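Just so it is clear, the structure is predicted and the values come from calculations on it, not from any experiment. Residue numbers run from 1 in the order of the sequence given. In listed order, ligands and their atoms are each counted from 1. All heavy atoms count here, side chains included; hydrogens, waters and symmetry mates do not.
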Amino acid sequence: MSLQTRVIALNESPQLAQLIALGQQSDPYFAYETPEQDFCLFGFSSCQTWWPIAFGNEVGRLQDWTTKLKQQFQTDITGYDRGLGPQLLGGLPFAATAKQQSRWGIFRHGYFFLPRFLITKRDKKWWLTVTAPLAEDLAKLAEDFLHRLQTIEPLVTAENQVLNETALYAEQWQQGVRDTVARIQRSDLDKVVLARPLVIEMAQSIQAAGLWQQLRQRQPATYHICLQAQGQAFVSATPERLLKFEPNQFATAAVAGTVRRGKNAAEDEQLGQALLADPKNRGEQAFVVATISQNLEQLGLQVSHPAQPQLLRNPNVQHLFTPITARGLDKVTPLTVLAALHPTPALGGVPRRAALAQIAHVEPEARGLFGAPIGYLGLNELGEFAVGIRSVLLQGQQATLFAGAGIVAASQAENEFKETALKFEPIRECLKKRLDSED
Ligand SMILES: C=C(O[C@@H]1C=C(C(=O)O)C=C[C@H]1O)C(=O)O
């Protein structure tokens with residue numbers, strides 16, 4: 001099928017409430033906002049979708065799909081700026097997995113779509129990209145879409161309440177942490193990130209676009225991402241960038257080590273400084289910096305980063321954080337870099353292969369999109385992927401939250417359990433808040 005695309009500068013800024021309302025009705029739908037809130041993408045309906053039904057070589061197959069898509073365009077689609085023109089929106093799975101139990105449905109092996117309608121906010125301006133088969137009238141499609149967007153009523157938050165909450169595998173998980181610590185102490189395994197699910201049942205079906213909006217209001221300084229397709233959705237308020245592709249370089253970050261936020265500025269500062277001075281957390285984060293750097297250098301890229309980590313603060317937790325940049329992108333494609341980096345030791349472990357085997361051994365369920373690359377990749381090769389943590393899978397009335405913690409030789413199961421509980425909080429609070437905000 002031959003495709004065509006057109007980018008239109010919008011004179012009037014769309015209303016966020018209307019984008020959200022239209023998003024709630026769209027299938028598929030994707031919303032993406034950077035922590036700086038200076039760049040947003042909203043994708044509605046698809047021209048084509050990619051969701052493999054079997055596992056294995058996901059990155060290679062996504063690359064093949066991208067190459068095929070590029071060939072379907074009659075006109076040059078590579079010259080657009082970031083976020084404009086045809087974009088692939090979605091996520092890859094955390095790991096190729098055949099045998100583990102999975103609740104992820106069509107997201108299980110990854111899901112991307114090429115949107116028919118894409119609204120982009122960048123440099124304080126708004127744009128619409130329309131992409132459709134050659135036979136369709138792009139001007140008419142754009143006109144109808146904008147009319148729909150301008151006339152849609154804002155989303156009415158449905159009345160909802162939490163029915164029950166189950167921390168799955170709680171005991172089994174803590175035993176898994178203890179076994180992992182023992183294994184780390186007696187082998188050359190250094191770090192394994194172990195995650196666990198929390199299932200929340202609500203009285204009514206959960207509106208993904210509405211939850212995205214709530215997270216955006218309550219937790220502004222993170223990415224805000226929503227991927228909705230075939231009746232289910234993945235929503236993430238992750239603080240963590242996996243990769244940003246710029247014209248001549250790309251940017252990534254090493255995030256690890258966690259402590260809660262203080263009750264006041266002085267306590268907050270003290271907790272932050274203690275985290276910066278703590279050998280366990282510093283060691284854990286240094287693994288992440290070293291491994292990311294090595295993986296990139298092996299691709300022939302020139303890597304640079306500051307010598308000392310900084311603090312990355314979110315409402316409930318603070319982390320150690322080192323920004324990393326690499327040059328020499330002409331040697332590799334974006335997806336090659338992504339495959340080399342993911343999963344970083346922030347979500348997998350060190351050494352990677354042994355850590356992934358330990359994760360598969362301890363965790364009964366497939367991680368799906370949790371901890372996985374989620375974002376956009378333009379056919380112009382500019383894009384950005386975040387790490388899909390602080391996230392939730394929504395399926396009707398059921399929300400499954402996942403959170404993980406880095407396990408090293410000095411880890412204690414109870415503390416790691418508490419740390420994961422802390423990481424559930426932002427989304428858990430939003431789901432509960434719906435109850436309070438109904439009055
Ligand atoms: C795995 C998660 O977070 C990761 C693990 C961290 C840690 O172990 O301290 C910190 C930040 C993230 O890289 C999560 O939020 O689920």
Side-chain angles (χ1 to χ4, degrees), residues 35 94-95 167 173 177 180-181 184 190-198 215 219 222-223 225 234-243 252-261 271-272 274-276 278-289 291-292 309-324 341-350 355-356 358-359 362-363 365 367-374 385-393 400-413 415-428:
F94 174 77
W173 189 82
V177 172
T180 304
V181 168
I184 290 172
D190 287 323
K191 174 182 176 181
V192 182
V193 180
L194 292 178
R196 64 184 182 94
L198 173 77
L215 280 165
Q219 173 141 325
T222 63
Y223 291 87
I225 300 173
F234 178 73
V235 179
S236 166
T238 173
E240 198 162 327
R241 169 187 285 166
L242 179 62
L243 269 176
T252 180
V255 182
T258 304
V259 71
R260 67 177 171 85
R261 296 297 304 269
L271 285 166
L275 181 64
L276 279 167
D278 176 52
K280 171 186 171 273
N281 281 298
R282 283 297 288 267
E284 217 179 287
Q285 201 254 355
F287 281 145
V288 183
V289 177
T291 310
I292 291 178
Q310 313 155 20
L311 291 172
L312 178 66
R313 290 188 157 121
N314 297 134
N316 302 67
V317 285
Q318 37 192 333
H319 303 297
L320 297 173
F321 159 81
T322 302
I324 300 173
L341 271 189
H342 173 77
T344 71
L347 269 301
V350 187
L356 288 177
Q358 183 67 8
I359 290 171
V362 173
E363 294 181 15
E365 295 192 15
R367 286 191 182 180
L369 296 180
F370 167 71
I374 181 137
F385 287 89
V387 181
I389 53 175
R390 318 296 148 82
S391 55
V392 59
L393 172 68
T400 309
L401 292 70
F402 287 81
I407 309 305
V408 293
S411 295
Q412 290 185 330
N415 292 347
E416 303 301 334
F417 190 83
K418 281 189 204 141
E419 182 178 315
T420 44
L422 203 55
K423 288 171 175 168
F424 287 137
E425 274 313 291
I427 290 180
R428 201 175 152 267

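- Phe417 carries Arg196 over the face of its six-membered ring, with the cationic atom under 6.0 Å from the centre and within 45° of the normal.
- Relative orientation of the Phe370 and Phe402 rings is parallel, given thresholds of 30° and 60° on the angle between their planes.
- Considering Phe234, Tyr223, Phe385 as possible partners of Ile374, the one that fulfils the side chain to side chain contact (heavy atoms under 4.5 Å, CB included) test is Phe234.
- With values rounded to the nearest 0.5 angstrom, Thr258 atom OG1 is found 4.5 Å from His319 atom NE2.
- Contact residues for ligand 1 (protein heavy atom closer than 4.0 angstrom to any ligand atom): Val193, Glu240, Val255, Ala256, Gly257, Thr258, Glu284, His319, Ala346, Leu347, Phe370, Ile389, Arg390, Ala403, Gly404, Ala405, Gly406, Glu419, Lys423.
- In terms of modelled atom types and a separation under 3.5 Å, the side chain of Arg282 and the main chain of Leu276 share a donor-acceptor contact.
- Applying the side chain to side chain contact (heavy atoms under 4.5 Å, CB included) test to Gln318 and every residue at least two apart in sequence or in another chain returns Val259, Arg261, Asp268, Leu271, Leu311, Arg313.
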